[in-house]
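Step one of this worksheet: look at the structure below.
As the structure lists them, so they are numbered: ligands from 1, and atoms in each ligand from 1. In what follows, residues are counted from 1 in the order of the sequence shown. Every value quoted in this text rests on a predicted model; they were computed, and no experiment measured them.
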Amino acid sequence: MVKINKNYAKIKETYLFSETAKKIAAFSEKHPEIQVIKMSIGDVTKPLIPEVTEAMKKASEEMGTQKGFHGYGPEQGYDFLKDKIKKYYEQYIKVNLDADEIFISDGAKSDIANITDIFSNDNIIVIPDPVYPVYVDSNIMLGREIKYIHGTEENGFLPMPDPTVEGDIFYLCSPNNPTGAAYSHEQLKKWIDFVSERKGIILYDAAYESFVTSGAPRSVYEIEGAKNCAIEFCSLSKTAGFTGTRCGYTIVPKNLIFDGFSLNKMWLRRQTTKFNGVSYVVQRAAEAVFSDTGLKNIRKTINYYQRNARIMTDTLKKLGISFTGGEDSPYVWFKVPDGMSSWEFFDYLLNGCGVAGTPGSGFGNCGEGYFRLTAFNTYENTVEAMSRIEKLLKK
Ligand code: PLP
């Protein structure tokens, strides 16, 4: 008889987005005269830039010709795209990579979850709380032991190495979803030293690197020693509006050799076995992001979201509410008024002024009592939402 992976029963049903959607729908039905502003949007809203859509059109035309047709491509991505990413790292992040260290993916989520394949089940996994839920769930599915390190107001939601929480695989997300906080060079150096000493590995999620404006690291490889202990995941989802187009990349340095095994070779083996590559059309679209005009145009979109984030943080400053994020990230994270839970504040905000956000408790126990707003709505809606919030919370 088939044996089921019962670890799936241990995954918490988050209900987060379905529950918020349900509450918003119920509110709108009761108050059709109020336009609910969703500051809970976790997806981009601006369209793809013209360089990208042109590249997609051209690539699809090519695919309809005998000469330009492409069948299976290399599982790890076409050289034309890997070379562009290599140059991007050299030019804008000041990091040198070998093209064979770059693996093109259909987005960061799959690679972050699939990387678990190359590590044994007896590793101890260390994960920050609150955080992007995929790290936790993908390890629970395998029955792995997870230890949590706590993001709190005291550490600015940037947990640092804790010698009392020993582990082998350490997940870091910077700039962070949901808190928007970003590690400094000095903080990351401490992490790299700590993990290297233990011959462990950092799985570094840099999905929001393009939002960094404070001078915080955009790549873990900006820090000395990182190529000996870190894998980096990146995504074009928030950088270039690829949430529906699907493309990302993972860096597995060749220096990563553990127990005589090269992680780079193992990941290549894993991908060539279980993944058949990203479509030619999408890789041409991704290539266009890294062209000179492409990079200029995606910056305009990122600047638009960042202007929204500034409006949000300005309002919180005016209200004397402490927050993280907004500067290096499209997320703003703040403490809800005393005595309220994250969900109570969700209801209070929705019923009090028709604005929806995301309860922090949905991202981990340490998120209880906090709230996330995102900068992905329109400028006009963001201005209106923040003025409604200001009026409500000033009372
Ligand atoms: N990592 C973080 C921290 C995210 O917030 C997200 C998406 O919200 C992802 C990864 C997934 O990105 P992708 O769309 O490339 O799968």
Which ligand 1 atoms, with their elements, are less than 4.0 angstrom from a heavy-atom of [X]?
{"X": "Cys173", "value": "3 (C)"}
{"X": "Gly107", "value": "15 (O), 16 (O)"}
{"X": "Ser235", "value": "12 (O), 13 (P), 15 (O)"}

Note to self: Is there a salt bridge (Lys or Arg N to Asp or Glu O under 4.0 Å) between Asp83 and Lys87? Walk through the geometry before answering.
What the structure shows: CA-CA 6 Å; Asp83 288 343; Lys87 284 198 188 105; 5.9 Å; no
Tell me, which protein residue and heavy-atom name are nearest [atom], and how many Å apart are they?
{"atom": "atom 3 (C) of ligand 1", "result": "Asp205 OD2, 3.2 Å"}
{"atom": "atom 8 (O) of ligand 1", "result": "Lys238 NZ, 3.0 Å"}
{"atom": "atom 14 (O) of ligand 1", "result": "Ser237 OG, 2.6 Å"}

Note to self: Angle between ring planes, Tyr135 versus Tyr171, binned at 30° and 60°: parallel, tilted or perpendicular?
What the structure shows: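 Because their plane-to-plane angle is under 30°, the rings of Tyr135 and Tyr171 count as parallel.
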Next item on the list: Please state whether the rings of Phe27 and His31 are parallel, tilted or perpendicular, taking 30° and 60° as the class boundaries.
Entry: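 Aromatic pair Phe27/His31 classed tilted.
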Next item on the list: Between Tyr208 and ligand 1, find which residue part has any heavy-atom pair under 4.0 Å and reply side chain, backbone, both or neither.
Entry: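 The answer is the side chain.
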Notebook entry, point to check: Where does Ala207 meet ligand 1, judged by heavy-atom distances below 4.0 Å: at the side chain, the backbone, both, or neither?
Noted result: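 The side chain, only.
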Notebook entry, point to check: Just one of Thr20, Val36, Val355 clears the side chain to side chain contact (heavy atoms under 4.5 Å, CB included) bar with Leu350, so which one?
Noted result: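 Going through the options one by one, the only one that passes is Val36.
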Notebook entry, point to check: Given Tyr249, Tyr135, Tyr132, which has its nearest heavy atom closest to atom 10 (C) of ligand 1?
Noted result: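 Nearest heavy atom to atom 10 (C) of ligand 1 lies in Tyr132.
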Next item on the list: Test the Arg307-Tyr379 pair against the cation-pi criterion, namely NZ or CZ under 6.0 angstrom from the six-membered ring centroid and within 45° of the ring axis.
Entry: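 Yes, Arg307 sits over the ring of Tyr379.
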Note to self: Here's one to test your reading of the geometry: is the NZ or CZ of Arg198 within 45 degrees of the ring axis of Phe194 and under 6.0 Å from its centre?
What the structure shows: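 Arg198 over Phe194 ring: yes.
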Answer yes or no for [X]: is there a heavy-atom contact with ligand 1 below 4.0 Å?
{"X": "Thr243", "result": "no"}
{"X": "Gly42", "result": "no"}
{"X": "Phe233", "result": "no"}

Margin query: Taking the ring centre of each residue, are Tyr305 and Phe376 less than 6.0 Å apart?
Written below: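 For Tyr305 and Phe376, the ring centres are under 6.0 Å apart.
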Item checked: Within the 6.0 Å centroid threshold, strictly below: Tyr370 and Phe157 ->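 That pair passes the under 6.0 Å test.
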State whether the shortest distance between N or O atoms of [X] and N or O atoms of ligand 1 falls below 3.5 angstrom.
{"X": "Cys247", "result": "no"}
{"X": "Asn177", "result": "yes"}
{"X": "Arg246", "result": "yes"}

Check: Between Lys22 and Glu19, does at least one N-O distance fall below 4.0 Å, as a salt bridge requires?
Finding: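 Yes, this pair counts.
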Which donor-acceptor pairs under 3.5 Å do the side chains of residues 247-256 make with protein atoms, sequence neighbours left out?
| from | atom 1 | to | atom 2 | distance (Å) |
| --- | --- | --- | --- | --- |
| Thr250 | OG1 | Asp111 | OD2 | 2.6 |
| Lys254 | NZ | Asp98 | OD2 | 3.3 |
| Asn255 | ND2 | Asn228 | OD1 | 3.0 |

